[in-house]
There are 2 protein chains.
Amino acid sequence: MNDTGARLIEAATEAFASRGFHGTTTRDIAERAGVTPGAVYVHHKSKEDLLYAISARGHDNVLRLVRDCVADGSQPTTEKMRHLVREFARWQASHHTSARIVNYELRFLGPEHFASAQENRRQIQAIFRNLVAQGCEEGTFSSDDVDFTVVAIFSLCIDIGRWYSQKSHWSVDEVADNICSLVMKMLQP
Amino acid sequence: MNDTGARLIEAATEAFASRGFHGTTTRDIAERAGVTPGAVYVHHKSKEDLLYAISARGHDNVLRLVRDCVADGSQPTTEKMRHLVREFARWQASHHTSARIVNYELRFLGPEHFASAQENRRQIQAIFRNLVAQGCEEGTFSSDDVDFTVVAIFSLCIDIGRWYSQKSHWSVDEVADNICSLVMKMLQP
DNA sequence: GTCTATAATATGATAGAC
DNA sequence: GTCTATCATATTATAGAC
């Protein structure tokens with residue numbers, strides 16, 4: 001059996017994803033985790049602290065994921081990009097519950113926690129930007145505006161958390177493959 | 001000067017967009033509109049009613065907008081698509097405050113209001129789907145999966161409400177033009 | 001139509017027993 | 001570590017005076 005601290009994180013993830021941070025009460029979370037409201041505060045010092053725990057874990061996992069994708073220097077830019085987009089999109093779809101919180105509930109973090117999340121996102125975005133820019137220099141890719149193209153790639157992937165659900169008629173892999181091939185068309189010279 | 005009913009809608013739009021539906025109190029809305037909390041209920045019977053008013057107006061405006069874009073039957077498919085995507089993206093950017101509510105606060109509507117919004121969105125989506133499908137039949141466009149391509153076009157446009165703000169270094173027209181040209185690349189045979 | 005005042009309830013968080 | 005009980009406050013919505 002899971003320990004209560006972890007079960008509370010899971011419960012909060014589901015609750016925040018479906019009803020939003022402010023639409024979720026500490027009682028909702030406690031009930032979903034099978035404990036009474038008082039027990040929440042033994043493991044997490046506030047509701048915002050639960051949000052931060054979910055946000056931090058999500059951002060850390062994504063940053064590690066995208067770093068690994070571009071780590072193999074021997075791969076050609078096109079292959080790196082395919083790998084990067086596919087894995088990033090895969091994460092958004094397979095973790096769509098966490099993804100929703102990571103991408104849409106950010107603004108409810110306290111100022112320091114928000115800044116920490118933003119720094120993480122900046123680093124994730126920089127990895128995409130560097131790869132797009134490199135491809136453009138090589139002539140492998142083309143883009144009228146590199147920064148905007150990165151925003152667009154993010155839009156395609158992040159929006160997955162808004163529309164994707166288990167009952168979607170596309171599997172996680174189909175979503176990732178489709179987005180990957182659309183991004184490659186966007187980058188085509 | 002505006003009448004209070006309309007000022008309350010404006011106030012609620014800004015409040016819901018920045019703090020979310022459940023993060024906004026009727027006191028916030030009343031204060032922003034320059035009235036006391038009691039006055040809210042003379043004009044709108046509940047907080048959810050305010051959300052629905054904003055949602056309904058937004059959805060109606062978008063549906064009218066996209067219908068007008070495809071009304072001119074004499075235009076070639078490519079031109080129709082350019083026009084449609086540009087205007088849809090323009091709306092999301094220029095009305096990014098309303099757009100955020102229309103696209104992200106939907107789930108907090110009551111069941112009937114939610115169903116009504118969903119029906120509206122279905123019609124908007126159908127207009128995009130028909131045009132993509134028509135272009136694919138003609139050979140003007142190509143797509144591995146028409147439904148997914150429509151989802152992707154929507155992702156690019158709807159996500160504007162998440163990342164765009166007045167301090168963005170792209171103007172509304174630049175956003176619309178960039179998205180339009182990326183969509184046309186995605187549809188290229 | 002707007003105000004002041006308030007009812008009825010919900011909420012985040014804590015105290016103290018076990 | 002969890003429970004019961006509760007504090008202090010906030011919240012949606014309404015009642016009645018002006």
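Computed over heavy atoms, backbone and side chain alike; hydrogens, waters and symmetry mates excluded. The chains referred to below are lettered A, B, ... by the order of the sequence lines, with proteins before strands, and numbering in each begins at 1.
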Inset, instruction - Check whether any side-chain nitrogen or oxygen of B:T4 sits under 4.0 Å from OP1 or OP2 of C:dT2, and answer yes or no. - result: yes
Legend entry - Test: A:D60 and A:R57 ion pair at under 4.0 Å: no
Inset, instruction - Any chance you could measure A:M186, atom CE, to A:T149, atom OG1, to the nearest 0.5 Å? - result: 6.0 Å
Inset, instruction - Could you check how far CG of B:L8 sits from C1' of D:dA13, rounded to whole Å? - result: 15 Å
Inset, instruction - Could you state the atom-to-atom distance from NZ of B:K47 to P of D:dT14 in whole Å? - result: 15 Å
Inset, instruction - To the nearest Å, give me how far apart CG (A:L51) and P (C:dG12) are. - result: 13 Å
Legend entry - Whole angstrom value for the distance that separates C1' of C:dT11 from CD of A:E31: 15 Å
Inset, instruction - Give the rounded distance in Å between these two atoms: NE2 of A:H43 and P of C:dA13. - result: 16 Å
Legend entry - Side-chain N or O of A:Y41 closer than 4.0 Å to phosphate OP1/OP2 of C:dA13: yes
Legend entry - Salt bridge flag under 4.0 Å for residues B:R7 and B:E10: no
Legend entry - Closest to the A:V42 side chain, choosing from D:dT6, D:dG1, D:dA13: D:dG1
Legend entry - C:dT11 phosphate, OP1 or OP2, under 4.0 Å from A:H22 side-chain N/O: no
Inset, instruction - Specify the separation, in whole Å, of atom CD1 of A:I29 and atom C1' of D:dT2. - result: 17 Å
Legend entry - Exceeds 12 heavy-atom contacts within 6.0 angstrom, atom CD of B:E174: yes
Inset, instruction - State whether B:T36 places a side-chain N or O below 4.0 Å from either non-bridging phosphate oxygen (OP1 or OP2) of C:dC3. - result: yes
Legend entry - Toward the 5' end of DNA chain C, by each residue's nearest nucleotide, A:T25 or A:A39: A:T25
Inset, instruction - Under 4.0 Å between any heavy atoms, over every strand shown, what does A:V35 touch: base, sugar-phosphate, or nothing? Just pick one. - result: sugar-phosphate
Legend entry - Phosphate-side-chain proximity, B:H44 and D:dA13, N/O vs OP1/OP2 below 4.0 Å: no
Inset, instruction - Using ring pair (Phe, Tyr, Trp, His ring centres under 6.0 Å) as the criterion, point out the one residue from B:W163, B:Y104, B:Y164 that pairs with B:H96. - result: B:Y164
